[in-house]
Amino acid sequence: MRLKTSLLKEPKHKELLSCVGWTTADELYSCSEDHQILKWNLLTSETSLVVKLPEDIYPIDLQWFPKTIGGKKQTQAEIFVLTSTDGKFHLTSKMGRIEKSVEAHKGAVLAGRWNYDGTALITAGEDGQIKIWSKSGMLRSTLANQGSPVYSVAWGPDSDRILYTSGRQLVIKPLQPSAKVTQWKAHDGIILKVDWNSVNDLILSGGEDCKYKVWDSFGRLLYSSSSHDYPVTSLSWAPDGEVFAVGSFNTLRLCDKIGWSYALEKPNTGSVLSLAWSADGTQLAGACSNGHVIFAHVVEQHWEWKNFVITLTKRRTMQVRNMMNDAMDVLEFRDRVIKTSLAYGHLVVATSLQCYVYNSRNWNTPLIFDLKEGTVSFILQAEKHFLLVDGAGLYTFSYEGRLISSPKFPGMRADILNYQCVSLSNDTIAIRDKSDEKVILLFDALTGKPLSDGKPLTHKMEVVEIALDQCGPSTERRIALIDKNHDLYLTSVRHLGREPKICKIGSMVHSIAWNDAANILCGIQDNQFTVWYYPSVVFIDKELLPKTLYIKDGSEFSRAPHILNYVGTKVTLRQGDGSLVYSSVLPYPGLLHEYCTSARWEDALRLCRFAKNQALWACLAGMAMAYRELTAAEMAYAAIGELPRVQYINFIKDQPSKDSCLAHMLLFSGQVQEAEATLLQTGLIYQAIQMNMDLFSWERALELAVKHKTHVDTVLAYRLKFLQKFGRKEKNKRFLQYAEGVEVDWEKIQAKIEMELSKEREKAANASVRSSVAI
Amino acid sequence: MGPVAMAKDPLAEAGCYFDELNKLQVLEPDVSQKTSELKEECKEFVDKIGQFQKIVGGLIELVDELAKEAETEKMKAIGARNLLKSVAKQREAQQQQLQALIAEKKMQLERYRIEYEALSRVESEQNEFINQFILQK
């Protein structure tokens, strides 16, 4: 990935150029100290003079009024704010007419920024003050007052906080007066520029110590660059928050959001004083101190999937290389490529007007359909369909180009969604709510309607990353989520009645990815690369979970690796320094998943015997129990030496009726209530009571016995035996009360129990006879 | 003149003399001759001075021209020297830029190296797996 830059031979401005701003992806305004505002049209490569400003206006900063507000397009005439050295800011129309000039600061106004919905403007001055203004330029309040100039200011993602520079320090100040201010020393020199991205919530800063740094919104340092030769004079996030650009003297740099640098350009620009990305994130413009405007766009991006490597060679051209036979294909597009995704055998390319869908079997005939809104912010793919997100909403399309659904929810802000908070599978879309980060909204991918009566999934902590598994039936759909404490949880998406259990399966997890062909999860747990061969085992036999893990020593990865994808047996990770590393996972777990879902238990057993892998046996044990395949489960448990469980399985096998079997299997995976309900439903009252007694829940046993007027004496007898064994006295009032009227006679009780069991056996026999007759 | 003097010309006593053209004159004839000689010499002198001046003027002009030429040459030399200095600086700047680009490329190379190592590791793992698989069968 690198920047392709273009500079004119002669600068169009005679003096230092201080600021630039995009109106559309093809039109740029530039403002210089020669008092001219120029308009650059990239389609026709024409430059025209918009207006010549009065001689006393020396511009410093400009920003266009935000175009989209909560996904709705603005109808209002486009204006921009222009700040100048005489302490004023000017609201200026597209034609260059100054609609309003406002006296704002003593000394120069160094920055002027609209908030995201365009309801407020913030200005920062040389006098150390920060002021908030209404849209029309009325003073609302003075937010801060300090002794030194404020060189740069940025809005927080929700427009409820601002970030500004104070000498060598950065300050985050909420607009609410009582809220806590965060302030920290960020650089060893004066900080010249800051930026805050609304999608990934990360902060950028650069200053006279010639470094740029990346921070999270709590002020924790994520990356610090090495020292450059000259001060960092400008920086800017791309709108999607995936990359950012840094400008310095004769220097332009493209960096990943983690901070490492993709590419460096050394154009003859002088200091790059301001940088601006177009709204679709494809074009970058810089204001150069020698009067030039430098234009740049990103090329040589790569996408890989199995044996295909796709490279964006030019703005409108891609090259496809098939590594198996070295065949090359060239894909041409009518417009600029904005977003691309390659997965599940399909390439989806969104240009400014159209969407192209290619099948990896045929690169010649793409399927093309028009896009309503130009700026697609990201594409997510599943096996059967893909999700397009643009400023206005989310849309699922089939690979045939048919619009399947378009989920909507109140307070939706599609413009700030990112990969971490949206997940797609063949039947479900999950979105982490932005207003309440504990909540995950779930939608049916085929209808766009909310799942489970619109009741979202609520976790006890803020969720930072979500991922849906990709395989198996929709009823078994699971979602993995990482919360603020970096604990990894697993839960079901679709459920009947009761709230699903949210089970913890890992801690200190930083990045996760599901496999594309089986429900295998991989993640970075406490700097170790971990694969959960069968994460759902946590719902069946919790203690089996640690046995189904595959842990690779993390020492082969340097700091903070991030998982990009997990395709087949290959996991692709990106390290903190930007290098790609790969890790392979054994193919057996994937095969085992396949055998078990297709109920080929013999094959599954053979595979496990062949592989001689304890983790695999543990997976098989879990899967067999999930499918209630007791023979296979028994063998698997035996192989991993879980003898108590083998015994219990044998006990289940010996149960006189199917219902008892089922109940005990439920009990096996810890679902006590379900097990009891199953027994009671089929009228096996005694068995339910016995089960409760085995679990030492005496009160419940007694309650059942009293309710169904049977076996009260049994319960009392066992209770007495239990107390005697432990040398304790009855203290429970209810037991004391019932014990008065009941006489314990073991012989009678044994007889009764025997009778119950034979009754059950008889019933089961009858049922099987009946079913065989029916067949 | 002899006879006149010898005769003690009364005219001479009166201070009057005849010249060669027998015109009366007040000045003594040899004085007059010397005077005219002086006049001649003076004229000659003036002429010579004039010539000298002309020659000197030419010389001055020449020297001036030379001076001018020397001046321009000097300026040129200074310019060239400055240019040389600035070229050195330019080279330094260029070198710095190239160094920065090289550092960038080195980083990229390092990334590729790590990627290559990771891929080699995967390859050897897979080979090992294949061998094991074949052996077990």
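All values below were derived from every heavy atom in this structure, side-chain atoms included, with hydrogens, water molecules and symmetry-related copies excluded. Residue numbers start from 1 in every chain, and the chains themselves are labelled A, B, ... in the order their sequence lines are given, proteins ahead of strands.
- Here the CD-OG distance, from B/Glu125 to A/Ser583, works out to 6.0 Å after rounding to the nearest 0.5 Å.
- By a heavy-atom distance cut of under 4.5 Å, B/Gln96, B/Gln97, B/Ala100, B/Leu101 are the residues of residues 87-103 of chain B near chain A, going up by number.
- Going from atom CZ of B/Phe129 over to atom OG of A/Ser584 covers 9.5 Å, rounded to the nearest 0.5 Å.
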Self-check item: Worked check of side-chain contact (heavy atoms from CB on, under 4.5 Å) between B/Glu115 and A/Tyr582
Solution: CA-CA 8 Å; B/Glu115 188 173 345; A/Tyr582 305 89; 2.9 Å; yes
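- Taken to the nearest 0.5 Å, the CG atom of B/Leu119 stands 9.0 Å off from the CG atom of A/Leu580.
- With a 6.0 Å radius and a threshold of 12 heavy atoms from other residues, nucleotides or ligands, A/Tyr230 has its OH atom above the threshold.
- Heavy-atom distances place no part of A/Leu573 under 4.5 Å from chain B, backbone and side chain included.
- Looking at B/Gln108, only its side chain comes within 4.5 Å of chain A, counting heavy atoms on both sides.
- Atom CD of residue A/Gln575 and atom CZ of residue B/Arg111 lie 11.0 Å apart, to the nearest 0.5 angstrom.
- For a residue to count as touching a neighbouring chain, one of its non-hydrogen atoms must lie under 4.5 Å from one of that chain's; by this rule A/Phe249 does not touch chain B.
- Within residues 256-266 of chain A, the residues approaching chain B closer than 4.5 Å by heavy atoms are, in numerical order, A/Trp260, A/Ser261, A/Tyr262, A/Ala263, A/Leu264, A/Lys266.
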